[in-house]
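Structure record follows, encoded as structure tokens.
Since the model is a prediction, treat every value here as computed from it, not as a measurement.
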Amino acid sequence: MSCCLLEFCRVQELKAVREFLFPNLRKTASDNNIKNKPDEEVNWEEADWGSWDTPEAKDGGTAEEESVPSSQSAPWLQDCAVSLSPCSDLLVIAREQKAVFLSAKWRTDDVGQEEMTLAVSWSGSLSTEEGECVNSVICIPLASQKRSSTGRPDWTCIVVGFTSGYVRFYTESGVLLLAQLLHEDPVLRLKCRTYEIPRHPGVTEQHEELSILYPAALVTIDGFSLFQSLRACRNQVARAAAAGSDTVQPPPLAYKKWGLQDMDTIVDHSSVGIMTLCVFDQMKNASILGGFHASVKGSPPAMCQYITVGGGPFTGFYYAIEGSSQPLLSHVALAVASKLTSALFSAASGWLGWKNKNEEEPVQKQKPKVEPATPLAVRFGLPDSRRHGESICLSPCYTLAAVTDDFGRVTLLDVARGIAIRMWKGYRDAQLGWIQVCEGRGEGEKVSSPSFPRRHAQFLVIYAPRRGILEVWGTQQGPRVGAFTVGKHCRLLYPGYRLMGVNSVTSQGWQLHTQQVCLLDPATGVLRTITVPFHLALSDKKSERAKDMHLLKKLNALLRSQDLEPDILESEGQSALLEIKHPAIKKQALESLLSNKNAPVSCLTNITRALSDSLKEQDPEAVEEGLLQLCSSQLKLLQLYVDIQSLHSASPPSSTDNDTNTTPSSDIDQRIDQDVARVQPMLRRYAEHLSRPSVSFAQDPGGLLPARNFLSQLECEAGGALRVTKGQDTEWTRLGSFFFWGCLCGESPIQKVCDTLQDSGIMPQQLLSLLLSVWLNREKELLKRPEAVTNLHSLLTALSNMPGAVDESWDLQCVSPWWQQVRTSCSQSENAGAALLAALVAHRSAKNSITSLAESKFQSEWEAVSLELEHWLVCVRQLEDLLALHTLLCLPCPRGTPGGAPTRCSVKTLLEGGRGGVADSVAKWVFRQDFAPGLLKEVLQRRSQREQQEQPVEQEAGERTAEQPSEEKGEEEDDFRKASELLVSVCQRFPESLCPDLLFSHCCWEYVVQWNKDPEEGRYLSWAVEHLKLVTSPHIQQGICVMMWNTFMVKRFSAAAFLMEKVGKAPKDRLCRRDVGMGENALTSFLGSCCQLLQTLMEADANTDEVPPPELCVEEVWGGAEGPASIAELALEQRGVHYPLVQHHCLLASILHATMMFKLRAVKPLSLFDSKGKNAFFRDLTSIQLMPSGEADPSLVSLRQEFLLKVLTGWVQTQGEAADSSTTDLGPVDDSWPSLCLDLGPLLQVNPDVLRRHLVCELYSQGLDLRAEEVMLEVEDKEVLGSQLLVLVGQRLSYSLLHTQTRSGMELLARLPPMLCTWLKAMDPSGLRCPSVPLAFSSRLVSRTVELLPESHAQYNLALHLLEAVDLLEGEA
């Protein structure tokens, strides 16, 4: 409760602002930063703007400032004109011709909390006249005129005064609204006065005003007129910007201009506002000025008071009588008033700074006409020939003013009397501000009356930069109430005004928060505000509150001490609490004592009882009723805490204590044991996974609940009953554990605990909620205690027998709210084992109650059937299904799998997840387990086999799990077997929700979602397509294909196509990551998956007419599922696709895939299609597009043929590389590429026979003669193929004879015919990829060539000669 300096904002980019305003410091500061800053801080163009932090932003203080150059440590902010908006959302820093506007922005810090920062929103030059500089600037927020935000800021206007005499008005974005030359001298100071709500009925209501000080003149502009003018200018600028026009007509601006006389120099001023003298002061002034015979008017005139500071005199007081000077209007206003022609406006537009940019500039620019000032003589002053004033700061209530001078003094003036009432010394270059604090309600003695005005206190803030200290003083003669050590280069920002445009009507209920005084530290960029409590303005001798605050601080210090004896704490705490007089502080002290974690319960009880007794001894009228009620309620809660704690800490109860109520219900206990034994195998498997070691950071709910936590969660109501306040789940569980954990463990008497809680007045419904919270949240511990089920039944029975638990008017055909609460808690719990046990116990208890109720009403032996039991049967079955599902989902992931946290779900979340909720959970589990699609298919086939055999899966799986086979199978196989059995078990429990088509659909979607998160994992997308192929329904297949394509793939697919079209080849890894968002290898896999997906879509579309759409069903107990539709349902809602368009995209996908697979060059995929084909790409697959038809252009067909030949060549090269080595960089070799190219040939209007001949030649060139012979059988044009193969034979023979240079080869060459030798020498063996081929292969090739060529062929004889040469060469070998 003392003064504090709080940080509320941080200015970013302050270093950049300094270097922008001081260009001469930029190079020096940047060079020094690069030398001194660590490596991680040197970034973002250090030599130009540098980082956004200032070099003084470290905590080094003065020592570091002395070590840096003078250009960095200089107080640069003192040389700038700085203004902060009262709303703290805009900061303006200006120097000479430049200015920077910083606007408020919210960002999240490292801790995750929101904080406000000021960032640069505009920067530039403001001067338009040659040689003018900025002298003063202020930010005025303008109130909004909207009904929804009346009295709130709408936008902020920046008013700038220049040395040329101009005053210009700007928006937050630097747009000039209005400019006017009011006087030809430099503007010294701009100040503003806005509307304030009068504190007293007799206080004069002050009008809004903007005052502009010149060396010998003072201009005042009425706030209402200025507000309307600025709004009109801003609207005109917005309209002109929207219409593209530059002409803006300014509204008229009215002002008053006073010529200040009788002072040598004036440097600052304050406009006090309208005041009226009392009759005595009026007669005194008249007699002084006019003598004995002076006449006095009946009513004193209203006057505007102005105070100036400077020299000769030191302070001057001016009074301007209202009505003595008419407002001056600019010539624009006169032109509008007299309705002159637009020519006059064009001549006068420059007078206000408004000009059409399309107009030509005159040869010589004329200055606007300046109106003369009305002389105003000084009434009186404070003469001091040697003292010169530097600044004046007016208090918020306009009664006091503080003045600084060149002697280092701060003088406090009484504005009404015109005298100095206090002076401080030792504050050279001081900066001043005021803080006005309002007294809070309930703090005064008489504030209970609404008509009594609230008191206000004023504090003077003095910042002494020479000493680096910020002080807060109470006025008028108050002491120093606060002092803070700050930097020596800070700037104290005190606007002295609030919103403009607010009046007595719009200020009703005004709760706008504005900062009164802010301190800007240029070293760190931090903006701090000063908070002063009201009680510091009160005298210590007369204020009981100050003494009470001292006692409160003493008590808090006592409570913070760690090693303090309980007796000393009780005695000193009690004495301090009883000495406090003020009820509010006494209540605060009592709450601090009760919330202390170290105080014993006995100590709290004794102190509270002593306070209660002292209050009862006082006069009832003088005692605050709320404090007395607080004491009595806390005593009741403390007594309950002690009683429960004593019951738990007593000796363990005997068997008779808990058997009194359970003996009649032994039959029910047996039935509960039978139900538990039925689900015991599932619980055993579930508990195995829960018992695995895991890390947990949650607070242990089983520890002793501290008294302060107990008191904070319970409240006493008016009737004496207790109510538990709902807080965090952990606190709720801890309170429930404090009440019932001993009973569940069999360590506390159940009936006594329940009787104590019943007597306390806590509602049975809240006790039931606490019991269920303990049971459900401490599942792991309760599953290890078999006796806890019986104790839970006893507790439920005892709570049900409490008055108000089960409604007496409950009918058998209605749902009981009591048991519905149990079902709701079990359905919302994610702890399936504990929820199932609680449901089984509650089911039997409810059935027993229904049976007894039916026997008492109907006296019949028939079994009662009620709606309540039907709800319980559904709930138990749902929880059994949930337990099986949880057992599967909690299964640990094998090593090397994606892993991740297991999905936790409840009955409620499954119902809210829609019909696909179960399948979605299992699909996430399949992804975590990394089940391959083929393995999942085998598991589901095993499920269908078991369904045919009708074997109980749960019992079989439980027996197998208990056996734990450890023979031949390894650990991984054993884990897979367990996972498969659990999956089959869950699928049998959910035959409809986990039908194969639905499960495969959700697995497909889960894998494609995971791929979208990490596109580098191409296996996820390929497995998603594999899951999709396993879906048997073509309707579901088609819909999922369309959704996958539109949601995840078409955007990346189009980006890849455009990238390849741009670079003209298979792009490198860097380009792939930049444009497509994945690497080179991942892009190849992605394009292959696109081909598979589009082919699957075409097959599904072809089969949709043959198969009817499937009917999706859900299990009967899960029929109430409401939520988002499943993937299969969404798929069935998709429209049918346009088959030719899908085929068109599949063709492009194959081209792109081949380009990336074989790293082809000089390929532009989109250029292989005409304009119609290009326009059809990347359209919605369900739309009808204009597709290419007819014969394609021959040049286009030639490009397509060239591309397919490149693909075949690339495939043959990979075959050769695979033959040379067992592995290849391109992965496994796919033998389907030749058939794919032959299939693409007709679609691209390319002759397939050309492709076959090229493939044969490429295979022979690679040395793969056997494969070439297989393909040769399908070639149609044998003659052309023979001519092509003849060249290959010549190249092989030329290599063997001419390039190997063997002796036998040379001899054979000499025996050959000259024509054949010449032909062989013309052959180039470099065209062969594998020239070194066995002669047997070449002999077979020549034989095949001779068979292919007819005898009439021109090269037939050449082929025969080659055959003879090969035979001779083979014979020589």
Side-chain angles (χ1 to χ4, degrees), residues 673 675-696 698 702 744-745 775-789 792 826 829-840 876 878-897 899-907 918 921-922 924-926 928-931 939 942-943 946 951-967 969-990 994:
D673 293 340
D675 293 340
V676 173
R678 179 175 56 85
V679 298
Q680 192 63 37
M682 288 193 299
L683 287 173
R684 188 183 304 114
R685 284 179 298 175
Y686 178 71
E688 287 178 3
H689 302 309
L690 285 181
S691 60
R692 295 179 182 271
S694 60
V695 179
S696 178
L744 291 173
C745 298
W775 181 266
L776 298 175
N777 290 324
R778 303 187 67 173
E779 178 186 50
K780 187 179 296 186
E781 301 167 79
L782 289 170
L783 290 179
K784 299 177 182 178
R785 297 175 177 268
E787 73 279 2
V789 177
L792 175 64
C826 294
S829 175
E830 295 181 351
N831 299 314
L836 177 60
L837 291 176
L840 292 175
V876 170
Q878 288 177 342
L879 290 172
E880 290 178 0
D881 295 346
L882 179 67
L883 181 63
L885 180 61
H886 259 211
T887 306
L888 176 69
L889 299 182
C890 293
L891 197 67
C893 302
R895 294 180 180 179
T897 58
T903 305
R904 304 286 295 179
C905 55
S906 62
V907 173
V918 178
S921 300
V922 176
K924 288 182 171 58
W925 175 82
V926 169
R928 292 198 310 272
Q929 295 288 330
D930 206 23
F931 258 41
V939 172
R942 190 185 311 167
R943 160 200 173 182
R946 289 194 178 183
Q951 293 180 356
V953 181
E954 288 84 5
Q955 183 177 358
E956 180 183 352
E959 293 173 356
R960 292 186 180 182
T961 305
E963 292 173 5
Q964 289 292 334
S966 58
E967 300 172 352
K969 297 184 179 181
E971 184 179 352
E972 294 183 0
E973 295 180 356
D974 189 32
D975 292 341
F976 174 73
R977 184 189 61 80
K978 290 181 180 180
S980 302
E981 291 179 352
L982 289 175
L983 179 59
V984 171
S985 172
V986 173
C987 290
Q988 286 195 345
R989 283 196 163 273
F990 296 92
L994 291 180

Hey, what do you get for CD (Glu688) to CG (Leu783), rounding to the nearest 0.5 Å? 12.0 Å

Are side-chain heavy atoms of Glu880 and Arg678 found at a separation under 4.5 Å? yes

Without swapping roles, check the side chain of Trp925 against the backbone of Leu888 for a donor-acceptor pair under 3.5 Å. yes

Between CD on residue Gln929 and OG on residue Ser980, distance to nearest 0.5 Å: 9.5 Å

Gln988 side chain to Leu983 main-chain N or O, any donor-acceptor pair under 3.5 Å? no

Pairing of Glu981 and Arg977 as salt bridge, 4.0 angstrom limit: yes

Non-neighbouring partners of Arg904 that pass salt bridge (charged side-chain N to carboxylate O under 4.0 Å, His left out), sequence neighbours left out: none

Leu885 versus Val922: any side-chain heavy-atom pair under 4.5 Å? yes

So, do Leu782 and Leu792 sit near enough that their side-chain heavy atoms are less than 4.5 Å apart? no

Straight-line distance of Lys978 NZ to Leu891 CG, nearest 0.5 Å: 8.5 Å

Non-hydrogen side-chain atoms of Cys905 and Leu889 separated by less than 4.5 Å: yes

What distance do His886 atom NE2 and Ser921 atom OG have between them, rounded to the nearest 0.5 Å? 8.0 Å

Qualifying residues under salt bridge (charged side-chain N to carboxylate O under 4.0 Å, His left out), relative to Asp675, sequence neighbours excluded: Arg844

Separation between CH2 of Trp775 and CG of Leu744, rounded to the nearest 0.5 Å: 6.5 Å

Side-chain donor/acceptor of Glu779 to backbone N/O of Gly833, under 3.5 Å: yes

Taking side chain as C-beta onward, heavy atoms only, is Leu840 less than 4.5 Å from Leu879? no

